[in-house]
Student: 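Below are the structure tokens for one structure; questions will follow.
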Amino acid sequence: MTSYIFRYFNVAGFGETSRLLLAASKVDWSDEKPEWPQEKPNQPFGRLPVLVERSADGSPDFVLSESATIERYIARTHGFLPMDPGEAAQQEQLRDRLNDVVIAFFTPNLVDASAREAKHAEFVGLLDRLFTVHSELLRKNGNNGHLFGTELSYADIATYAFLRMFLVNPMESLKQSPQLVKSKLTPELVKLAVTAEADPLLEAYVSKRGKVADAVQV
């Protein structure tokens with residue numbers, strides 16, 4: 001049987017979508033948190049996350065780096081992305097947009113003080129647009145808690161991971177974000193989170209690590 005090791009820091013960050021995908025895939029996997037920066041030289045590109053796939057037949061480990069690549073590999077391997085390239089691309093673009101918003105959130109901390117207010121406003125604008133687009137897609141899909149179809153998908157999991165990062169035990173640099181994100185949440189996005197947390201594929205994982213539903217008091 002194939003097993004996996006997922007290496008990342010002890011935060012949600014750019015690793016939570018992969019963790020959720022592994023949990024939902026019901027595979028044998030472990031969550032490894034390397035000593036950093038001591039383990040930096042031992043990673044493929046000197047950075048995290050890293051996924052190690054081990055085969056029971058003794059063949060060499062298959063090792064991947066870069067969060068989006070890892071996510072899509074797991075999603076395709078375990079059926080959370082459609083086989084049709086166009087349908088898959090529709091989900092992948094949503095994930096990439098989530099990443100753009102995360103980067104925009106951290107950008108004000110990387111610029112001169114004079115530019116921070118403008119950069120924060122840019123983040124808020126991107127967040128508003130993101131939530132608008134996702135909510136429209138959820139309504140178009142029947143407001144059943146899924147962005148596409150009737151089962152848990154890569155897009156659902158990535159969106160849910162995004163909400164978790166800001167709302168469930170956020171790391172120190174995100175401590176000021178929960179109120180802002182909660183103020184922008186729509187009923188459709190709350191339903192997506194509640195649906196994901198009730199899904200048997202994720203229920204055990206989220207029950208041990210906190211829920212978005214509790215954070216927004218659903």
Side-chain angles (χ1 to χ4, degrees), residues 1-8 12-32 48-55 62-102 130 133-168 188-209 211-213:
M1 178 185 293
T2 300
S3 63
Y4 300 89
I5 298 170
F6 183 69
R7 296 178 187 150
Y8 194 57
F14 293 108
E16 192 69 358
T17 299
S18 291
R19 291 186 182 117
L20 288 162
L21 284 164
L22 288 166
S25 300
K26 300 301 181 185
V27 294
D28 179 13
W29 73 286
S30 58
D31 195 8
E32 189 176 278
L48 299 175
V50 167
L51 180 73
V52 180
E53 181 181 275
R54 290 185 168 169
S55 176
F62 178 63
V63 182
L64 284 176
S65 190
E66 300 301 328
S67 57
T69 300
I70 291 170
E71 291 169 16
R72 288 163 187 173
Y73 176 72
I74 299 168
R76 287 194 174 92
T77 301
H78 297 286
F80 293 102
L81 267 175
M83 295 294 291
D84 179 85
E87 293 177 2
Q90 287 182 317
Q91 296 200 30
E92 290 169 26
Q93 71 175 348
L94 294 181
R95 186 274 181 202
D96 290 343
R97 192 58 174 166
L98 294 167
N99 196 52
D100 290 344
V101 177
V102 172
L130 175 80
V133 170
H134 275 64
S135 298
E136 288 173 352
L137 286 170
L138 287 161
R139 288 193 296 272
K140 184 178 178 181
N141 194 46
N143 199 23
N144 62 0
H146 298 290
L147 285 156
F148 301 92
T150 59
E151 297 181 353
L152 197 64
S153 69
Y154 175 43
D156 293 335
I157 292 173
T159 303
Y160 174 63
F162 175 89
L163 296 176
R164 285 185 63 81
M165 183 176 71
F166 285 100
L167 297 171
V168 180
E188 293 85 2
L189 284 161
V190 172
K191 186 169 184 177
L192 179 147
V194 171
T195 301
E197 289 172 346
D199 194 298
L201 295 177
L202 291 179
E203 194 173 15
Y205 180 91
V206 300
S207 66
K208 298 175 183 177
R209 295 166 173 82
K211 296 183 177 182
V212 170

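The basis for the numbers below is simple: all heavy atoms, side chains too, and nothing from hydrogens, waters or symmetry mates. Throughout, residue positions are numbered sequentially from 1 according to the sequence presented.
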Student: Any idea which heavy atoms bring Val212 and Val168 closest together, and the distance?
Tutor: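 Closest pair (atom of Val212, atom of Val168, distance): N-CG2, 3.7 Å.
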Student: Would Leu201 and Glu151 count as a side chain to side chain contact (heavy atoms under 4.5 Å, CB included) here? Give the steps.
Tutor: CA-CA 11 Å; Leu201 295 177; Glu151 297 181 353; over 6 Å; no
Student: Please name the pair of heavy atoms, one in Tyr8 and one in Phe6, separated by the smallest distance, quoted to 0.1 Å.
Tutor: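 So the minimum-distance heavy-atom pair works out to CB-CE2, 3.6 Å.
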Student: Is there a side-chain contact between Arg72 and Arg95 (heavy atoms, below 4.5 Å)?
Tutor: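 The answer is yes; the side chains approach within 4.5 Å.
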Student: Between Leu21 and Glu71, is there a side-chain heavy-atom distance shorter than 4.5 Å?
Tutor: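 Of all side-chain heavy-atom pairs linking Leu21 with Glu71, at least one is under 4.5 Å.
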Student: Just wondering, are more than 12 heavy atoms of other shown residues or ligands nearer than 6.0 Å to CZ in Arg54?
Tutor: no
Student: Does Asn141 use its side chain to pair, donor to acceptor, with the backbone of Gly149 at less than 3.5 Å?
Tutor: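 Yes: the side chain of Asn141 pairs with the backbone of Gly149.
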Student: Enter the distance from Leu138:CG to His146:NE2 here, rounded to the nearest 0.5 Å.
Tutor: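 Spacing of CG (Leu138) from NE2 (His146) equals 10.0 Å.
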Student: Looking at Asp96 and Gln93, would you say the former's side chain and the latter's main chain have a donor-acceptor pair under 3.5 Å?
Tutor: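 Side chain of Asp96 to backbone of Gln93: no pair is present.
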Student: When rounded to the nearest 0.5 angstrom, what is the spacing between CG in Leu22 and CG in Leu51?
Tutor: 6.5 Å
Student: If I take atom NZ from residue Lys140 and atom OG from residue Ser135, how far apart are they, to the nearest 0.5 angstrom?
Tutor: 14.5 Å
Student: Just verifying a value: how many Å separate Lys191 NZ and Asn143 CG, rounded to the nearest 0.5 Å?
Tutor: 4.5 Å
Student: How far does CZ of Phe14 sit from CG of Leu48, to the nearest 0.5 angstrom?
Tutor: 12.5 Å
Student: When you compare the side chain of Leu81 with that of Glu92, does any pair of heavy atoms fall below 4.5 Å?
Tutor: yes
Student: How far apart are the closest heavy atoms of Leu152 and Phe80, and which atoms are they?
Tutor: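 Reported closest heavy-atom pair: O-CD2, 3.5 Å.
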Student: Where do Ser65 and Pro49 come nearest, in terms of heavy atoms and distance?
Tutor: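 Shortest heavy-atom separation between Ser65 and Pro49 comes out as OG-O, 3.4 Å.
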Student: Run the side chain to side chain contact (heavy atoms under 4.5 Å, CB included) check on Leu189 and Thr159 step by step: do they pass?
Tutor: CA-CA 9 Å; Leu189 284 161; Thr159 303; 4.0 Å; yes
Student: Between Ile74 and Trp29, does the side chain to side chain contact (heavy atoms under 4.5 Å, CB included) criterion hold? Intermediate values first, please.
Tutor: CA-CA 12 Å; Ile74 299 168; Trp29 73 286; over 6 Å; no
Student: Working to the nearest 0.5 angstrom, can you tell me the gap between Leu64 CG and Thr69 OG1?
Tutor: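 Taking CG in Leu64 and OG1 in Thr69, the distance rounds to 7.0 Å.
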Student: Mind checking whether Phe62 and Tyr73 have parallel, tilted or perpendicular rings, split at 30° and 60°?
Tutor: tilted
Student: Give a yes or no on whether the backbone of Ala213 and the side-chain of Glu197 come within a donor-acceptor separation of less than 3.5 Å.
Tutor: yes
Student: Looking at Leu94 and His134, what are the two nearest heavy atoms and their distance?
Tutor: CD2-CE1, 4.0 Å
Student: So which atom in Lys26 and which in Pro200 form the shortest heavy-atom distance, rounded to 0.1 Å?
Tutor: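 That closest heavy-atom pairing would be NZ-O, 3.5 Å.
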Student: Would you call Arg164-Glu16 a salt bridge at under 4.0 Å N-O?
Tutor: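 Between Glu16 and Arg164 there is a salt bridge, with a charged N closer than 4.0 Å to a carboxylate O.
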Student: Report the C-alpha separation of Thr17 and Tyr154 in whole Å, then their side-chain angles, then the decisive distance to 0.1 Å, and conclude whether the side chain to side chain contact (heavy atoms under 4.5 Å, CB included) test is met.
Tutor: CA-CA 9 Å; Thr17 299; Tyr154 175 43; 4.0 Å; yes
